[in-house]
Amino acid sequence: QDTVQVLALIKNGARLPLKSDYALRGGDHLLVEGEQRDLERFCNEAKLVLVGQRHRNDGETASSVKTLEGVVRAESNLIGVSPAQARLHERYGVSLLAIRREGRSVEQELRSLRFRAGDVAVFKIEEDHAGEMFSELGILPLSERPILLGQKRFGYVPVIVLAAAIVAVATGAFPIAIAFPVAAVVILLLGVMSMSEAYRSIEGPMLVLLAALIPISESIQRTGGDALIAGVLANVMGPMPHVLGIGVLILAAMAVTPFLNNAATVLVMAPIAAGIARTLGHNPDAYLMAVAIGAACDFLTPIGHQCNTLVMGPGGYRFTDYWKLGLPLSILVVLTATPLILLTWPLTR
């Protein structure tokens, strides 16, 4: 195929010159280069097997295997050693997929190639062994590579399942507590992801935080704490114009979010906001939506929302950098959301 270039042909460990009339046989190795999507199509149409895929242990599953990229450091034990001499597969269950040296792909047979400092290597390895191997061999891990050659792909199936769950909730066909768990079960039944992948995607600290704050939120309501706090705030917000009161509630949620996380902020502030609405005799929908928007729109710190945190490292941002765009953006959210909330959810039913 035009988009996939065959770099070398390897037979019985020896590299052969490329000839258009050579008939490929079982066991021959091809070294090819191209974009991932083109390589996947090429391998599927030609029924090729990724090197190392046949050597999986019986207990090794596709979900436990990851394709990781790392840089060979100057003090690495691999310097001057070939993959065969290092016995990577025997010792760690690792398959070396590719090496890039000085910005160019290495075209010689990987088995006989000798590692150099600065080589960028792509390994296929069981996730549980990755940390041990990288540490022992002196490899600096870079990132996980989404190389899916030889693995089943599902395209838009997850998107369709998610869209169906959203439509079911939006139309009132199913409550949210049923629609999304059912969607997750469907994803597992279709084999889009395995149980181990599902468990790894769960954020344990977040679950613990929410589990700890849910009883606190309930206790605030049962002991009358929400009414007490709401009464004090209602006395402050009562004389204010309603627009200003809703804006203050949005700002309060923005201020609390960096300390609790956005979901936890809603758990704590929602009963208080509902209490303020009851005290003032207003529709609580507007107050609850103000809390939701304020908790979801913290742009002032890198810790208020997980998305802010994720871009901090790759972007090289500092803590104070978030104020530069976050402050005007927060002001814009308050000025825009406040009148729209009152327009959509009037304070009087």
Side-chain angles (χ1 to χ4, degrees), residues 68-71 131 140-146 158-159 162 166 176 180 200-214 216-217 220 226 229-230 232-233 236-237 240-274 276 285-345:
L68 304 175
E69 184 178 10
V71 177
L140 178 65
L142 294 180
S143 62
E144 180 178 337
R145 302 275 294 192
V159 178
L162 176 61
I166 295 175
I176 191 171
F180 284 97
R200 286 198 299 269
S201 66
I202 297 175
E203 296 186 21
M206 178 58 60
L207 290 180
V208 173
L209 176 63
L210 294 179
L213 286 176
I214 286 175
I216 293 178
S217 177
I220 290 177
D226 59 334
I229 299 174
V232 175
L233 294 178
V236 176
M237 296 173 59
M240 296 182 181
H242 300 325
V243 173
L244 184 58
I246 295 296
V248 168
L249 201 55
I250 296 176
L251 288 174
M254 287 182 175
V256 175
T257 297
F259 301 96
L260 287 183
N261 182 277
N262 49 358
T265 297
V266 174
L267 279 174
V268 174
M269 290 195 61
I272 297 175
I276 296 174
D285 291 347
Y287 290 82
L288 293 175
M289 187 55 63
V291 170
I293 292 177
C297 296
D298 174 40
F299 308 111
L300 301 178
T301 68
I303 58 177
H305 196 279
Q306 55 267 33
C307 295
N308 299 6
T309 308
L310 287 174
V311 301
M312 186 176 183
Y317 301 123
R318 295 173 297 178
F319 197 97
T320 54
D321 288 337
Y322 286 81
W323 281 83
K324 297 177 181 178
L325 181 63
L327 184 58
L329 190 57
S330 297
I331 295 174
L332 180 62
V333 168
V334 174
L335 295 178
T336 304
T338 301
L340 289 177
I341 288 175
L342 293 175
L343 181 64
T344 308
W345 293 277

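Given the structure is predicted, the values throughout are model-derived calculations rather than measurements.
Put simply, the side chain of Val268 does not reach to within 4.5 Å of the side chain of Val256, judged on heavy atoms.
The number of heavy atoms from other shown groups lying within 6.0 Å of CD1 (Ile176) does not exceed 12.
Residues satisfying the side chain to side chain contact (heavy atoms under 4.5 Å, CB included) criterion with Ile293, sequence neighbours excluded, are Met289, Cys297, Val333, Ala337, Ile341.
Nearest heavy atoms, Met269 versus Ala252: CE-CB, 4.0 Å. Taking all atoms of both residues into account, the shortest heavy-atom contact from Leu249 to Ala290 is CD2-CB, 4.1 Å. Between Ala273 and Leu288, the shortest heavy-atom distance links the atoms CB-CD2, 4.4 Å. When all heavy atoms of Val334 and Ile250 are compared, the closest pair comes out as CG2-CG2, 4.0 Å. Contact detail for Val266 and Ala295: the closest heavy-atom pair is CG2-CB, 3.8 Å.
Listed by first and then second residue, the salt bridge (charged side-chain N to carboxylate O under 4.0 Å, His left out) pairs that reach into residues 259-269 come to none, sequence neighbours excluded. Applying the side chain to side chain donor-acceptor pair (under 3.5 Å) test to residues at least two apart or on different chains, the pairs with a partner in residues 323-343 are Asp321-Lys324.
Rounding to the nearest 0.5 Å places CG of Leu340 at 11.0 Å from CG of Leu335. Taking CD1 from Ile272 and OH from Tyr287, the interatomic distance works out to 14.5 Å, rounded to the nearest 0.5 Å. To the nearest 0.5 Å, atoms CD1 (Ile276) and CD1 (Ile246) are separated by 9.0 Å.
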